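So the structure is just underneath, and the comments pick up after that.
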Number of protein chains: 2
Amino acid sequence: MSRMAAKDRREELIAAAQRVMIRDGVTKATTRAIVNEAKMPLGVFHYCFSSREELLQEVLTRFTDATVAAARKMFEGEGDLGSRITRSLSAFWGTVELNPGEHQVSYELTHYALRQAGFEDLARRQYQHYREVHEELLAEAAEAAGIEWAVPVPVLARYLNSVLDGVTLSWLVDRDSEHSQEVLRLTGEHLLTLARERTRQAAGPSPAAEPSPAS
Amino acid sequence: MSRMAAKDRREELIAAAQRVMIRDGVTKATTRAIVNEAKMPLGVFHYCFSSREELLQEVLTRFTDATVAAARKMFEGEGDLGSRITRSLSAFWGTVELNPGEHQVSYELTHYALRQAGFEDLARRQYQHYREVHEELLAEAAEAAGIEWAVPVPVLARYLNSVLDGVTLSWLVDRDSEHSQEVLRLTGEHLLTLARERTRQAAGPSPAAEPSPAS
DNA sequence: TGTCATGTTGGTCGAGCGTCCAAGACGCTG
DNA sequence: CAGCGTCTTGGACGCTCGACCAACATGACA
């Protein structure tokens, strides 16, 4: 095989591993399946990676980074709060229906990480990143619309993240697009009801702790 | 080892498999690990099960049945709509914090089933059962409170199921009980806002005894 | 008591796995 | 040209896995 820098081969192996995982699942992504996908001899693997776990670690962080970047892009654009929310949820759902395998692999990697000693932090960071992005986007949307949220942003971010996760998982199982999108619409409307006029105060450190927000 | 009917041994092996899965994960539940947990010689396994997959299939349906039964029990009891919802969500959350391993295994089994040829239907049935229970409970609660839901019950059931799934998954990763319960509280309040007076039409035997149940 | 279905046991087989390595091939530099 | 770091390769090791089987033990029933 033509000579290639180890660093480049790493990238190709990572990409090949992602393809195998999406097609056949994380557990089927063996060293042999990966090098076979990349059309390389087996020996290459441990010349580029010290272990299979190192490769998986790399794949997991790539997935997280890509998801985070995609999420940020989804929220770009103008409009009032309602249309922003609707557009973002639609954009998210578009990626799910277009790339179901990637989302499925994301779940599999999470559960893999939860069981693998030394990988728990990776799973934690993954979800922390997701929630941070949601927090940013919620804060940014509130800022642009001149409102504030009736619920602490960290809670709202976790809520949003949970709904998206849950709806995606359900859809991966039964592929009921219509009902899934209805749920997202319902969630979007719910978020809108949680926007209220901004109270007079600087955007400084908010004391939080609201006793009884709704009704 | 003392003589025992094959049927009884099956049950013990299933129970042992569940214990191994909860402790070490689905992938670690090998035939050897299972018989070891059950303190039986290896040969027993294929005398009681034709294959490892047959055992897993059995475990998955047991998990689903147990979860469905537990969910039904959570919704028993009296009270107005608000307290019923709050109590049910609290009860659900109790099971999550008390038996995190079982919920984790449930996810792992779902993803396993999604990848295993011939198991897709099992995963589909699993989620369909969950949603059916949620539908029943929502309908029953509406009936008892004399209200109707502003959103079609199948959509609401999927929404509820998704939130519970998502919150549980997030919690399994970062164990943030406080925020998770806040999300459930928020969801409960959301559900309450979706209850409205029943419109005059054949909704069954009792025609709206209580006009305005929740606050 | 002898028969036979039923249950028990330890060992074994072939496949697949992650990992490792010796031997060679390449291509830049002096 | 020789030297040397970098890359390539096929094969091999040790292990675990699901599955299988021949031989034996048990106990109900005739």
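Hydrogens, waters and symmetry mates play no part in the numbers below; they use all other heavy atoms, side chains included. Within every chain, numbering begins at 1; the chains are lettered A, B, ... in the order of the sequence lines, protein sequences first and strands thereafter. Remember, it's a predicted structure, so these values are computed and weren't measured experimentally.
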Review point. Going by modelled atom types, is there a donor-acceptor pair between the base of dT6(C) and the side chain of Arg3(B) at under 3.5 Å?
Key: yes

Revision key, fill the gap. Leu13(B) atom CG is separated from dG7(C) atom C1', nearest whole Å, by 13 Å

Point to revise | Atom pair distance, as rounded to whole Å: CD in Glu54(A) and P in dG18(C) | key: 15 Å

Study note, to complete from the structure: Result for 5'-nearest mapping on DNA chain C, choosing between Ser50(A) and Ala33(A), is Ala33(A)

Review point. Rounding to a whole Å, what distance do you find between Met4(A):CE and dG27(C):P?
Key: 13 Å

Review point. Which nucleotide in the list dT9(D), dG11(C), dT19(C) gets nearest to the side chain of Ser51(A)?
Key: dT19(C)

Point to revise | Nearest listed nucleotide, side chain of Tyr47(A), among dC7(D), dG7(C), dT19(C) | key: dC7(D)

Exercise for review: Respond yes when some side-chain nitrogen or oxygen of Arg52(A) is under 4.0 Å from OP1 or OP2 of dG18(C), and no when none is.
Suggested key: yes

Practice item. Could you please name the option among dC17(D), dG7(C), dT6(D) that lies closest to any side-chain atom of Thr30(B)? Key: dC17(D)

Check your understanding: Rounded to the nearest Å, what distance is computed from the CZ atom of residue Arg10(B) to the P atom of nucleotide dG7(C)?
Key -> 12 Å

Review point. How long is the gap from CZ on Phe45(B) to CG on Leu13(B), to the nearest 0.5 Å?
Key: 7.0 Å

Exercise for review: Indicate the atoms forming the closest heavy-atom contact of Gly166(B) with Asp165(A), along with that distance.
Suggested key: CA-CB, 4.3 Å

Point to revise | Minimum heavy-atom distance between Thr27(A) and Arg52(A), given as atom pair plus value | key: O-NH2, 4.5 Å

Review point. Below 4.0 angstrom from OP1 or OP2 of dC20(C), is there any side-chain N or O of His46(A)?
Key: no

**Study point:** Pair of N/O donor and acceptor under 3.5 Å linking dG18(D) base with Arg32(B) side chain
**Key:** yes

Practice item. Please report, rounded to the nearest Å, how far the P atom of dC17(C) is from the CG atom of Asn36(A). Key: 11 Å

Revision key, fill the gap. When every non-hydrogen atom of Ala17(A) is compared with those of Ile34(A), the smallest separation belongs to CB-CD1, 3.9 Å

Review point. Expressed in angstrom and rounded to an integer, what is the separation of Phe45(A) atom CZ from dC21(C) atom P?
Key: 17 Å

Review point. Any Lys/Arg nitrogen of Arg62(A) or Glu11(A) sitting under 4.0 Å from an Asp/Glu carboxylate oxygen of the other?
Key: yes

Exercise for review: Quickly work out the Glu53(B) CD to dG18(D) P distance and round it to whole Å.
Suggested key: 11 Å

Practice item. Could you state the atom-to-atom distance from CE of Met40(A) to P of dG10(D) in whole Å? Key: 14 Å

